Participant: 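Pasting in a structure now, in structure tokens, and then I'll have a few things to ask.
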Number of protein chains: 2
Amino acid sequence: METGDSRERTDRLALGAWVKLARSAESVSTRIHGHLAAYRLTVSQFGVLEALYHVGPLSQRSLARKILKSTGNMTHVLNNMEKRGLVRRQPDPKDRRAVEVHLTRKGTQLVRNVFPRHAEIVRREMSILNTTEQHELGRLCRKLGLQTKEP
Amino acid sequence: METGDSRERTDRLALGAWVKLARSAESVSTRIHGHLAAYRLTVSQFGVLEALYHVGPLSQRSLARKILKSTGNMTHVLNNMEKRGLVRRQPDPKDRRAVEVHLTRKGTQLVRNVFPRHAEIVRREMSILNTTEQHELGRLCRKLGLQTKEP
DNA sequence: GCCATATTGTTTGATATCAAACAATCCCGT
DNA sequence: ACGGGATTGTTTGATATCAAACAATATGGC
């Protein structure tokens, strides 16, 4: 498809872009999620709260897909959250294999507390980029992430 | 600094950009690192091989910083790699607390095998973006990641 | 030179995560 | 109907990861 030389060049460019993407995501993530410890929330737990709050009740499988974790892990995460009274499992009447995961009042209150702080921190972290740049970053990342998962 | 309305707008933009960044990094990472399992390498182990191969011998602390993991974890990762004969710990003559981590011949051979495949996969994954876009993505991510770590 | 403080690597205990195997249930083609 | 394959959630066993406490060594101020 390409000559060896041009191939090396595109490899270097792709590797560089990928490394920068991975490192920036990881270091920004560390900075953004630092404050969650104050609420004894893990990143996964926060992801679950956020999804349930914004989307409404979901099955465990949908939750797992949303936060990109395995279903086995989701069982574990939800067990911990249920113990703390943040979520409630409710049998799905339409499918007796499935459960609907609901936010409890306590979970709703917590996410209403945490989310504004979260948004503020994200805004601050991203504010190094101007509006146009944030749009462009979002566009490029969406394109990348949307690569076909199952052909 | 801003009116409430504009604040909500910038919050939404920042949150959107951040979510897309995080999700694309995670899903691309999964796709890129799938092939490492064939070599019984974890992502951290591959990161160590890569760093040592391209930079030369490094202390555990530098390695930990390079792959963004804790030093405690680095001890664990290196123990596993040492058991497999991929790296060798060598006392640093200038600082008796520190060790220099070296690639063994076996480790060098392995990374020479794995790296070209890795580069190829990364190139393929990133090829959804054209050259200009990859440059731009790299630039934006570098800016984001470079945010001051310790003030 | 000596001591307080910092840095390096290790240990330890607690979580998080995954993959694989599993049971229960659903669904579709015949 | 119904039987085989798909889907949902759980369990299990193995790893990975972190934070915190620790021991050994280095370093800089006095």
Side-chain angles (χ1 to χ4, degrees), chain A residues 22 26-27 29-31 33-49 57-84 86-102 149-150, chain B residues 22 26-27 29-31 33-49 57-84 86-102 149-150:
Chain A
E26 202 153 348
S27 69
S29 169
T30 303
R31 277 173 266 153
H33 293 129
H35 77 118
L36 294 181
Y39 302 92
R40 299 190 354 264
L41 284 176
T42 67
V43 176
S44 292
Q45 289 176 354
F46 177 66
V48 168
L49 287 182
L58 286 170
S59 72
Q60 295 197 186
R61 194 150 209 99
S62 318
L63 278 172
R65 266 193 296 261
K66 271 230 179 301
I67 71 168
L68 303 177
K69 294 288 148 66
S70 70
T71 67
N73 186 238
M74 189 50 58
T75 296
H76 179 61
V77 170
L78 290 176
N79 285 347
N80 290 339
M81 297 181 74
E82 207 173 27
K83 264 184 226 146
R84 252 181 92 184
L86 300 177
V87 298
R88 170 170 47 87
R89 281 174 167 109
Q90 190 168 305
D92 181 340
K94 319 228 171 188
D95 183 341
R96 287 197 294 169
R97 294 167 305 178
V99 297
E100 272 183 339
V101 183
H102 290 250
K149 267 138 219 200
E150 47 271 311
Chain B
E26 201 153 347
S27 69
S29 170
T30 303
R31 277 174 267 152
H33 293 131
H35 78 117
L36 294 182
Y39 302 92
R40 301 191 350 266
L41 285 176
T42 66
V43 177
S44 292
Q45 289 177 353
F46 178 66
V48 168
L49 287 181
L58 286 170
S59 73
Q60 293 196 188
R61 195 150 208 101
S62 318
L63 278 172
R65 266 193 296 261
K66 271 230 179 303
I67 71 169
L68 304 178
K69 296 287 148 69
S70 71
T71 66
N73 186 238
M74 188 50 59
T75 296
H76 179 60
V77 170
L78 290 176
N79 286 346
N80 289 338
M81 296 180 76
E82 206 172 28
K83 265 184 225 145
R84 251 180 92 183
L86 300 177
V87 298
R88 171 170 45 88
R89 280 174 167 111
Q90 191 168 305
D92 180 341
K94 318 227 172 193
D95 184 340
R96 287 200 292 172
R97 294 168 305 179
V99 297
E100 272 183 338
V101 183
H102 290 250
K149 266 136 220 205
E150 46 271 311

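What you see is a predicted model; the values in this text were computed from it and never measured. Within every chain, numbering begins at 1; the chains are lettered A, B, ... in the order of the sequence lines, protein sequences first and strands thereafter. Note that these values count all heavy atoms, side chains included, but never hydrogens, waters or copies made by symmetry.
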Participant: Rounded off to whole Å, could you give me the NE2-to-P distance for the A:H76 and D:dT15 pair?
Facilitator: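 From A:H76 NE2 to D:dT15 P: 18 Å.
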Participant: Regarding B:N73, tell me which of base, sugar-phosphate or nothing describes its non-hydrogen contacts under 4.0 Å with the strands shown.
Facilitator: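 Contact class for B:N73: base.
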Participant: Please tell me which of the listed nucleotides, D:dA16, C:dG9, D:dT10, lies nearest to the side chain of B:V99?
Facilitator: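 Of all the options, the side chain of B:V99 is nearest to C:dG9.
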Participant: Answer with base, sugar-phosphate or nothing: what part of the nucleic acid does A:R40 contact at a heavy-atom distance below 4.0 Å?
Facilitator: nothing
Participant: With the side chain of B:T42 defined as its heavy atoms from C-beta on, choose the nearest nucleotide among C:dT10, D:dA16, D:dT8.
Facilitator: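 That would be D:dA16.
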Participant: Taking the side chain of B:N80 as heavy atoms from C-beta outward, which of C:dA16, D:dA16, C:dT10 is closest to it?
Facilitator: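 Given the options C:dA16, D:dA16, C:dT10, the side chain of B:N80 is closest to D:dA16.
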Participant: Mapping A:E26 and A:R65 to their closest nucleotides on DNA chain D, which lands nearer the 5' end?
Facilitator: A:R65
Participant: In whole angstrom, give the distance that lies between atom CZ of A:R97 and atom C1' of D:dG5.
Facilitator: 12 Å
Participant: Does A:T75 place a side-chain N or O at less than 4.0 Å from the phosphate oxygens OP1/OP2 of D:dT11?
Facilitator: no
Participant: Measure CG/B:D95 against P/D:dA23 and give the value in whole Å, please.
Facilitator: 19 Å
Participant: May I have the distance from B:M81 (atom CE) to C:dG9 (atom P), rounded to whole angstrom?
Facilitator: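 One finds 16 Å between P of C:dG9 and CE of B:M81, rounded.
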Participant: Nearest 0.5 Å, what's the CG-CZ distance between A:L41 and A:F46?
Facilitator: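 Here the interatomic distance stands at 8.0 Å.
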Participant: Figure out the CD/P separation between A:E82 and D:dG9, and round it to whole Å.
Facilitator: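 After rounding, the gap between these two atoms is 13 Å.
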Participant: Nearest 0.5 Å, please: how far is CD1 in A:I67 from OG in A:S62?
Facilitator: 12.0 Å
Participant: Regarding A:T30 and A:S27, do their side chains bring together a donor and an acceptor under 3.5 Å, going by distance alone?
Facilitator: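 No, A:S27 and A:T30 have no side-chain donor paired with an acceptor closer than 3.5 Å.
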Participant: Spell out yes or no: do the side chain of B:R96 and the base of D:dT25 have one donor N/O and one acceptor N/O closer than 3.5 Å?
Facilitator: no
Participant: Which of the following nucleotides, C:dT25, C:dT17, C:dG9, is nearest to the side chain of B:T71?
Facilitator: C:dG9
Participant: Closer than 4.0 Å, any side-chain N/O of B:R61 to the OP1 or OP2 of C:dT8?
Facilitator: yes
Participant: Output the rounded distance in Å from CD (B:Q60) to C1' (D:dA24).
Facilitator: 14 Å
Participant: Give the rounded distance in Å between these two atoms: NZ of A:K69 and P of D:dG9.
Facilitator: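 Whole-Å distance recorded here is 18 Å.
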Participant: For A:K94, is there an ion pair with A:D92 - N to carboxylate O distance below 4.0 angstrom?
Facilitator: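 Here A:D92 does not pair with A:K94 in a salt bridge, since their nearest N and O are not under 4.0 Å apart.
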Participant: List the atom of A:R89, the atom of A:T75, and the distance in Å for their closest heavy-atom pair.
Facilitator: NH2-O, 3.4 Å
Participant: Tell me: CG of A:N79 to C1' of D:dT12, nearest whole Å?
Facilitator: 14 Å
